[in-house]
Structure formats: C-alpha cells, structure tokens
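Here the structure is laid out as structure tokens; the discussion comes afterwards.
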Amino acid sequence: MSSTISNTTTLNRTSFRLTGPYGDWRDDLQSQGYAVIKKAIDPEKAQYYQQKALDWLQSFNTPLDLQDRSTWKTDNLPIQSKVNTFKHYSVVHETFMWEARMEPKILDAFAQIWGTDELLVSFDALNITLPNQKDKPTLKPWPHVDQSPMRRGLHCVQGIINLSPAGPDDGSLIVLPRSNTVMESFLDTETDPDTWQKKDFRFISEDEMTWFRSRGMKPVKVLAEPGDLIVWDSRTVHWGGEPTPNSDTIRTVIYASYSPAKLATHETLQLKKEAFESFLATTHWAHDNVVLREREACFEDGRVDPRNRSEPLEKPEYSDRLLQLAGLKPY
C-alpha cells in the first residue's frame, strides 16, 4: 500500500477543486459531474464545422455518398475506432478542427473552469457516427472514467463541441450523474489498490455499476443542440451512447479538453511539440497523460491503409494563439 500512496502523491501534483456555488453551469459540473453550455458556437458556425467534417469524411475517393445509405459501409470509410472516432489521417490538425477549438466561447468556458485563459488544448479526435450502419454492430455500453485511481481531486475536464442534434434517439454522451462525487469512495471501498494503474483510464464493470445504482444513480443521455458545448469531470462515469433505430442524425462532434498551461511539465510540452509537428492525435488530456497515437492508420491485421495521410488536407494558420494552445509558444 505504501507504494500506492507514493504514486498517488506524485500523480496528484496538479489536483484542483471546484469551489462553487457559482450561479451558472459550473454548479452542474461540480455537483452532477457534467454540464451543457448552450450556444457556445453560433448554430450557423456549427453547421459549417459539421459540413467541413463530412466533406473530410468523403475525401478518400471511395463510393461513400452521405445521401445514399447503401454506401454507408466500413470499406467506404477511413479507419475509425470501435467507438466511432477518427484519430489518424492527420484529421485532428485539419483547419476546421483548430478553428473549432479556438472558438472564443469555447475558450471562455474552460477559462471559467480553471480561472485562467492561459490554456493548453488536447489534440483529440473527431467523431462521426452514421446511424444504423448495417455492417457495423451496435456498440454495447462501456462505462469508464478517464482518470487514474491513483489521482485524487479534479485533474481533467473533457469537452464535446457538439455539431449535430443530440436528441433522445440520437447518438450522444451517456453519463452517470453525481458519480464524480463518490468516485474516490468507490475506489477506496470497492476496489483493490493493488490493481490500480497510473493509466488515466479505467473500465467500470457491470458488477461495479450496481454499487452506483444502489445509491440512486442512473445513466442519462446528454441532450444538446448544434453549437452546444458539453463538459464533464473525467471522474464521472460515462460512455458513448449509440443512436436508436429511429435516428437519422449523423452524429458529428469534436472532442476538446483544455487545462492551464502552467500545469504541464517540460517533458509533456516536448511530447505535444512532437505530436503537433507530426500532425498526430494524443488523448483527452491537454497538460498531462499526453500519449502519441500511431503515425499510420492500420487495419486490424496490421496493414497500413493506402489512404493514409501524413499531413492535413488543409493546414491551419499558425497564429500565436494557436501555438500557445498547442504548447509550442509560452504565454
């Protein structure tokens, strides 16, 4: 147990605590573990970003036609994860991705959370979910948290820049409200510290979910409109919810997390620099837990996708603000 305490102390270097009440959406983030910030992007601008994302999806010279559901096949799509995210093909550094990350109200929301506008941003994924794609099995719930059991307190606030309607039948984020407030108690009383890992990810098993249910916690699908920003504490149990058979909405979201630049170590900034210069994706975290994703898009058998791209189709303008957010230029 002593080694676990030592590791926890090391990881807790950047612990933070919300100290509301604030009288705004931050109270929901603190008490419920998530919040929806309405119209963080103008709806017309959200439509623009979605169209750019869908144009990107159709830029691989395949028969994919978003107006023709018969073409919605895995072979016609660039390689995506089982949870419908795109991390390769340099997509995370496309101009539209950076433009969305730099939207003023998005930045302001995270500045309010952390109490500073000197922020770093994650190089996170694009999610495009085609509803009821026939050759792709429906994903079962996979409850998890994106923070190591060895960390205590608030370390990461994740974000979804919502570009499409997320109604009751559509794909959206599923959260377990208030689970952030009891996560440390759950870990200490219901799990074995010898199994804890530094990795900032942990599945919550079906048996473990009964512990939360016994405390009156039930999953909620987060409903949102194009242009809304969804934020959640990484200690909140969550997963991606699949569309129902009644949905005809192509879910389109950009994942983006921000945190204070002062929290990043020199080593982390070097990793961010390497990822940025090589157009690579990282993780849901901006200042720590920066893991470089693979340089090449590969099929399950290890073959490199011949459609692989080593740079974006449209590179952004490298403004001072963009370079500060990326971690390449100090504040």
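Just so it is clear, the model here is predicted, and its values are computed rather than measured.
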Item to complete: Could you tell me whether the side chains of Tyr22 and Gln112 share a donor-acceptor contact shorter than 3.5 Å?
Response: no
Worksheet item: Looking at Lys87, Lys272, Arg293, Arg295, which one forms a side-chain contact (heavy atoms from CB on, under 4.5 Å) with Leu280?
Response: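 For Leu280, the side-chain contact (heavy atoms from CB on, under 4.5 Å) test succeeds with only one of Lys87, Lys272, Arg293, Arg295, which is Arg295.
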Practice prompt. Check each of Ile174, Leu176, Val182, Val175 against Val237 using the side-chain contact (heavy atoms from CB on, under 4.5 Å) test, and report the only one that passes.
Written response: Leu176
Taking the side chain as C-beta and beyond, is there a heavy-atom pair between [X] and [Y] under 4.5 Å?
X      : Y      : value
Phe96  : Trp56  : yes
Lys262 : Tyr331 : no
Asn289 : Lys198 : no
Arg178 : Thr181 : yes
Val157 : Asp233 : no

Discussion item. Between Thr62 and Asn76 (side chain of the first, backbone of the second, donor and acceptor by atom type, cut-off under 3.5 Å), is there such a pair?
Written reply: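 Side chain of Thr62 to backbone of Asn76: a pair is present.
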Item to complete: Given side chain to side chain contact (heavy atoms under 4.5 Å, CB included), test Leu126 with Thr85 step by step and report yes or no.
Response: CA-CA 6 Å; Leu126 172 69; Thr85 59; over 6 Å; no
Worksheet, complete the sentence: In His155, His284, Arg151, the residue satisfying side-chain hydrogen bond (donor to acceptor under 3.5 Å, both in side chains) with Asp200 is Arg151
Worksheet entry | Residue of the set Gln133, Lys136, Gln80 for which side-chain hydrogen bond (donor to acceptor under 3.5 Å, both in side chains) holds with Thr74 | Gln133
Worksheet entry | Stepwise side chain to side chain donor-acceptor pair (under 3.5 Å) check, Asp169 with Ser247 | CA-CA 5 Å; Asp169 288 315; Ser247 176; over 6 Å; no
Fill in: Asn61 atom CG: more than 12 heavy-atom contacts under 6.0 Å
no
Discussion item. Taking atom CD as the centre, does Gln47 end up with more than 12 heavy-atom neighbours from other residues, nucleotides or ligands that are less than 6.0 angstrom away?
Written reply: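 Atom CD in Gln47 is not packed in, count stays at 12 or less.
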Item to complete: Could you label the plane-to-plane angle of the Phe186 and Phe212 rings as parallel, tilted or perpendicular, counting under 30° as parallel and over 60° as perpendicular?
Response: tilted
Discussion item. With side chain to side chain donor-acceptor pair (under 3.5 Å) as the criterion, how do His88 and Glu294 come out once you've worked through the C-alpha distance, each side chain's angles and the decisive distance to 0.1 Å?
Written reply: CA-CA 7 Å; His88 300 101; Glu294 301 82 359; 3.1 Å; yes
Practice prompt. List the steps and the verdict of ring-ring contact (aromatic ring centres under 6.0 Å, His included) for Tyr258 and Trp114.
Written response: CA-CA 9 Å; Tyr258 304 71; Trp114 296 109; over 10 Å; no
Item to complete: Walk me through it: do Gln50 and Ser164 pass the test side chain to side chain donor-acceptor pair (under 3.5 Å)?
Response: CA-CA 7 Å; Gln50 182 186 35; Ser164 56; 4.6 Å; no
Practice prompt. Given side chain to side chain donor-acceptor pair (under 3.5 Å), test Ser310 with Asn308 step by step and report yes or no.
Written response: CA-CA 7 Å; Ser310 58; Asn308 187 64; over 6 Å; no
Worksheet item: Quick one: do Lys38 and Asp228 make a salt bridge, cutoff under 4.0 Å?
Response: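 Answer for the salt bridge query: yes.
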